[in-house]
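Numbering of ligands and ligand atoms starts at 1, following listing order. Note that this is a predicted model, so its numbers are computed, not measured. We're numbering straight along the sequence, starting at 1.
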Amino acid sequence: MTNESIKTACILCSRNCGLDVSIKDTAEGQVFNKIKGDPDHPLSEGYICQKAARLTHYQSHKDRLTHPLKRQPDGQFVEVSWDEALRDIATRLNTIRYQHGGDAFAFVGGGGQGNHMGAAYSRQLLAAMKSRFAYNALGQEKTGDFWVNGRLFGRQNCHTTEDVEHADYILFIGTNPFQAHGIPNARDTLSDHLYDEEFLTHKCTDWSELKPVLEAIPIEEYIAIADLDLKEVESVATGFAKAKRGCIRIDLGIQHSLHTTLNSYLEKLLYLVTGNFGKPGTNNLHTMMLPILGHTDERYGKKGKSLKRTTKHNMFPIAGIYPPNTLPDEIEQDSPKRIRAVVVDSANPVLTYANSQANERSFASLELLVVIDVALTETARLADYVLPASSQYEKFEATGFNLEFPKQVFQLRRPVFKPTGNTLTEPEIYTRLLEYMDVIPREFPKLSAIARNEPKMTRHLSYMTALGATLARNPQWVPHAASIIYRTLGPTLPYGAAAAAPLLPLCIEYAFEHYKAVKKAGHKGNRATIGSALFDAILNQPSGAVISHHEWPDMWSFIKHKDKQIHIMIPEMISEITNLKSDDQKRSESNKDFPFILMAGERRSYNANQIYRDPSWRKVDKEGVMRMHPEDAKAFEFSKGATAICESANGSIQVIIEIDDTVRKGMVTLPHGYGLRYQDSAPIGPELNKLTSSDWCDPFSRTPFHKYVPVRITTAKVELEGSN
Ligand SMILES: Nc1nc2c(c(=O)[nH]1)N[C@H]1C(S)=C(S)[C@@H](COP(=O)(O)OP(=O)(O)OC[C@H]3O[C@@H](n4cnc5c(=O)[nH]c(N)nc54)[C@H](O)[C@@H]3O)O[C@H]1N2
Ligand SMILES: Nc1nc2c(c(=O)[nH]1)N[C@H]1C(S)=C(S)[C@@H](COP(=O)(O)OP(=O)(O)OC[C@H]3O[C@@H](n4cnc5c(=O)[nH]c(N)nc54)[C@H](O)[C@@H]3O)O[C@H]1N2
Ligand code: SF4
Ligand SMILES: [Mo]
């Protein structure tokens, strides 16, 4: 295999750029040799950024897990067999469910920037535990956005994207350090009659109700609060509204700042009010191959009952996801209904969720904590069992970050390396766990035989029919179809792609729903067989396959409201707009003791969530410095490299000062993705979630205000909270 070109993808951010890599043998085993962009990837076409070339630091480092670990009473870990670990975990999970019911269990994580294949398997564990409590990172950034989508388009998994490539005006919102709210722009557009009356009348409902609400907004006053220039705001608003093809791209700048849910609503209103929607170069809805989002409208649950809320905070899920900010309280509450057991997979909540102190304390107090990861993380260090996963370059993987329209792309990545040590893939770990829990049998001889003997020309039809019949006779297995398909169809697939087997029914469903678009992308067959052809294409195209090619007007069929209109009036958000001013006043009074605003979690050229653990991957900014405006630094007599203490209402950490005139006065910034330990070292760089609190979050979605954390900076020596 050495030096042969292998197609894969980068796993460091949601772009998942295609890679063309080669590997080489060394004394420590096989490692990456060359890492280049893959010109054959249908989207990235060869592009990569500076971070991807350093993927060796993810694949091969000294904190990779190689064996299942079990914690001893003295706190030390010992290596145990998979059989011993999974058998004991299964017994303890079954006991907790039997004694306390499904509410006692929560699942945390389930996929990072590059690995969502495991989620098809891990969600089966929630079903087996009869729990709905799925917590993950999307619940601390994007759920406000999903909730708004639910109201506007009819379902929380109606997800929008932006056709940046064909736009002639792109508005990036997420670059202003103070809260610009997005409102002034909207109102400005209105006052100049720059709104698209035709679009609002024919494609949206309730415009006449919404219009006076927006008109009542005191533009000048808000622009002053945001410390912006009126003329500049006007010129942006006009430029965007008059553009032939305008689109908006947003991210954490508005999702991690004050009023997160409202920000998402206003951002969407900006493109809707100007009619920049559903056309080339605008914002639009898109399809999804892996269903990474659900629809859970808190007003209606199954059979008309309202949805499952958490027991302490009475919090509802959004798109099926519960907010991490509430998790420590749900565990620590003094109630028989508390969460007692947690499985964490592909996440490091002790460092990445708000309030590290509360996360550490609450996770340590659990009756059972299991962590599935590739590395010994800060969360894993607290676990009863640590289960080692094969890395994303040692197994079949894929992501659900397919955000394209009208052409949609899906890449099933093949393994580049053999699994490290005694690691297993998530599909194997969860399937074995379900077997040990007696949720599914270990064998399905009839289904396996049908899968084995199916001729190619019947296109999996006999298998799918037999599977349907098995599930109809055994409805208790329906939530565990992924593992059943993995065990029965999986072994018959080419390239050893067993883990990808559950993609077959997803392909069939996708091709049925988007028949013409799947055909237009070049896949052949009738409605009954084209799904299987699509599945084959995905298996056979390691650089990624174009799975559908829609016509622009098709986009309107993705709207799930019965009337196929966009419902632009959201009453909950209107009351937030009305209360904005008094909220602002309250806040500035409460911040007196903390005169600086910390942007807690900036993306820089050398941070990448918690995916790289070996600190030597960083070429610059090894300490993760705090950036500060020169005048502020002068007031403290700080010079570059000075040590300071940053203290919030939640805790304090030591920081190293960098003087930078691109930061606003009164504001300081710290990077996301530091504070990790490597080879039992002390934390490297800022553990910034020691500064963030669980309750400093959007009252509606409970997503954190990480971009607006009131802090004070001191030079004095103070006792460092929570450090050791
Ligand atoms: N290098 C690197 N890239 C990454 C990641 C990484 O760790 N490192 N992580 C990935 C992940 S998980 C995510 S979610 C994305 C996030 O990607 P981004 O959201 O783009 O990154 P951030 O730096 O967190 O914040 C974006 C901008 O918000 C601005 N901002 C701060 N406060 C406000 C405000 O109140 N209003 C407005 N309008 N803007 C404000 C900041 O100045 C900053 O420029 O990045 C992904 N890509
Ligand atoms: N203060 C503050 N906090 C933040 C942010 C911020 O801006 N400010 N950003 C937030 C955002 S946007 C995000 S997305 C989160 C990210 O935080 P998390 O959701 O915790 O995700 P990652 O940091 O990506 O950690 C991924 C984990 O998955 C493991 N892993 C990698 N590959 C595999 C695999 O194949 N299998 C398994 N089982 N595990 C694997 C890695 O070792 C790592 O421990 O952090 C959030 N936290
Ligand atoms: S980190 Fe860079 S190379 Fe990797 S997916 Fe993101 S943009 Fe692409
Ligand atoms: Mo994120």
Interfacing atoms of ligand 2 (cut-off 4.0 Å, heavy-atom, Q610): 22 (P), 23 (O), 25 (O), 43 (C)
Nitrogen or oxygen of N607 less than 3.5 angstrom from that of ligand 1: yes
T662 backbone acceptor or donor facing D660 side chain under 3.5 Å: yes
Steps toward side chain to side chain contact (heavy atoms under 4.5 Å, CB included) verdict (N348, E378): CA-CA 7 Å; N348 190 10; E378 291 61 27; 2.8 Å; yes
N or O contact, L252 vs ligand 1, cut-off under 3.5 Å: yes
From Q140, Q255, E394, E426 - option closest to atom 46 (C) of ligand 2 by heavy atom: Q140
Flag for R613-T377: side-chain donor and acceptor within less than 3.5 Å: no
Under 4.0 Å to a heavy atom of N609 - the qualifying atoms of ligand 1, by number: 5 (C), 6 (C), 7 (O), 9 (N), 10 (C), 12 (S)
N or O pair under 3.5 Å between C13 and ligand 1: no
Salt bridge (Lys or Arg N to Asp or Glu O under 4.0 Å) assessment of D695 paired with R702: CA-CA 8 Å; D695 54 5; R702 308 267 180 158; over 6 Å; no
N or O pair under 3.5 Å between K707 and ligand 1: yes
Heavy atom of G601, distance to ligand 1 below 4.0 Å: yes
Close approach, K51 and ligand 1, non-hydrogen under 4.0 angstrom: yes
Check: N422 side chain, T66 main-chain N or O, donor-acceptor pair, under 3.5 Å: no
Selected option - heavy-atom contact closest to atom 9 (N) of ligand 2, from H706, R603, M599, E141: R603
Sub-4.0 Å atoms of ligand 2 with respect to non-hydrogen atoms of N115: 33 (C), 34 (C), 35 (O), 36 (N)
Heavy-atom proximity to atom 42 (O) of ligand 2, best of T692, V344, D373: D373
Q59 versus S391, side-chain donor and acceptor atoms under 3.5 Å: yes
Distance-only side-chain donor-acceptor flag, Q411 / N16, under 3.5 Å: no
H672: numbered ligand 1 atoms lying under 4.0 Å from its heavy atoms: 7 (O)
Parallel, tilted or perpendicular, as decided by the 30° and 60° cut-offs, for the rings of Y322 and Y135: tilted
Proximal atoms of ligand 1 relative to R604 (non-hydrogen, under 4.0 Å): 1 (N), 2 (C)
Test: E658 and R627 ion pair at under 4.0 Å: no
Close side-chain approach of T399 to N115, heavy-atom, < 4.5 Å: no
Test of proximity, R613 against ligand 2: N or O pairs below 3.5 Å: no
Atom 18 (P) of ligand 2 [closest protein heavy-atom partner, distance rounded to 0.1 Å]: T352 OG1, 3.6 Å
Nearest-option assignment for atom 6 (C) of ligand 2, heavy atoms, candidates A608, P671, S122, A600: A600
Heavy-atom nearest option to atom 33 (C) of ligand 2, drawn from I429, I611, V374: V374
Ligand 2 contact by A137, heavy-atom criterion under 4.0 angstrom: yes
Top protein contact for atom 39 (N) of ligand 2, by heavy-atom distance: S346 OG, 3.3 Å
Y58 neighbourhood, listing ligand 2 atoms whose heavy-atom distance to it stays under 4.0 Å: 31 (C), 32 (N), 33 (C), 35 (O)
Sub-4.0 Å atoms of ligand 2 with respect to non-hydrogen atoms of T377: 44 (O)
Distance-only donor-acceptor check, side chains Y674 and R604, under 3.5 Å: no
Element-labelled atoms of ligand 2 that are located less than 4.0 Å from some non-hydrogen atom of S390: 35 (O)
Per-atom contacts, ligand 2 versus I372 - under 4.0 Å to a heavy atom: 38 (N)
L670: which of V625, V709, I653 passes side chain to side chain contact (heavy atoms under 4.5 Å, CB included): I653
Partner set under side-chain hydrogen bond (donor to acceptor under 3.5 Å, both in side chains) for R381, not counting sequence neighbours: D680
Whether R54 side chain and W617 backbone form a donor-acceptor pair below 3.5 Å: yes
Side-chain donor or acceptor of Q124 paired with backbone N/O of Y121 under 3.5 Å: yes
Side chain to side chain contact (heavy atoms under 4.5 Å, CB included) between W696 and L258, worked out: CA-CA 9 Å; W696 185 231; L258 305 170; 3.9 Å; yes
Heteroatom distance test (Q113, ligand 1): nitrogen or oxygen, under 3.5 angstrom: no
Numbering as shown, the atoms of ligand 2 that approach L688 to under 4.0 Å (heavy-atom distance): 1 (N)
Any K395 heavy atom less than 4.0 Å to ligand 2: yes
Any residue meeting ring pair (Phe, Tyr, Trp, His ring centres under 6.0 Å) with Y385, in chain and number order, not counting sequence neighbours: none
For N689, the ligand 2 atoms whose distance to one of its heavy atoms is below 4.0 Å: 1 (N), 2 (C), 3 (N)
Close N or O approach (A389, ligand 2; < 3.5 Å): no
Any E602 heavy atom less than 4.0 Å to ligand 2: no
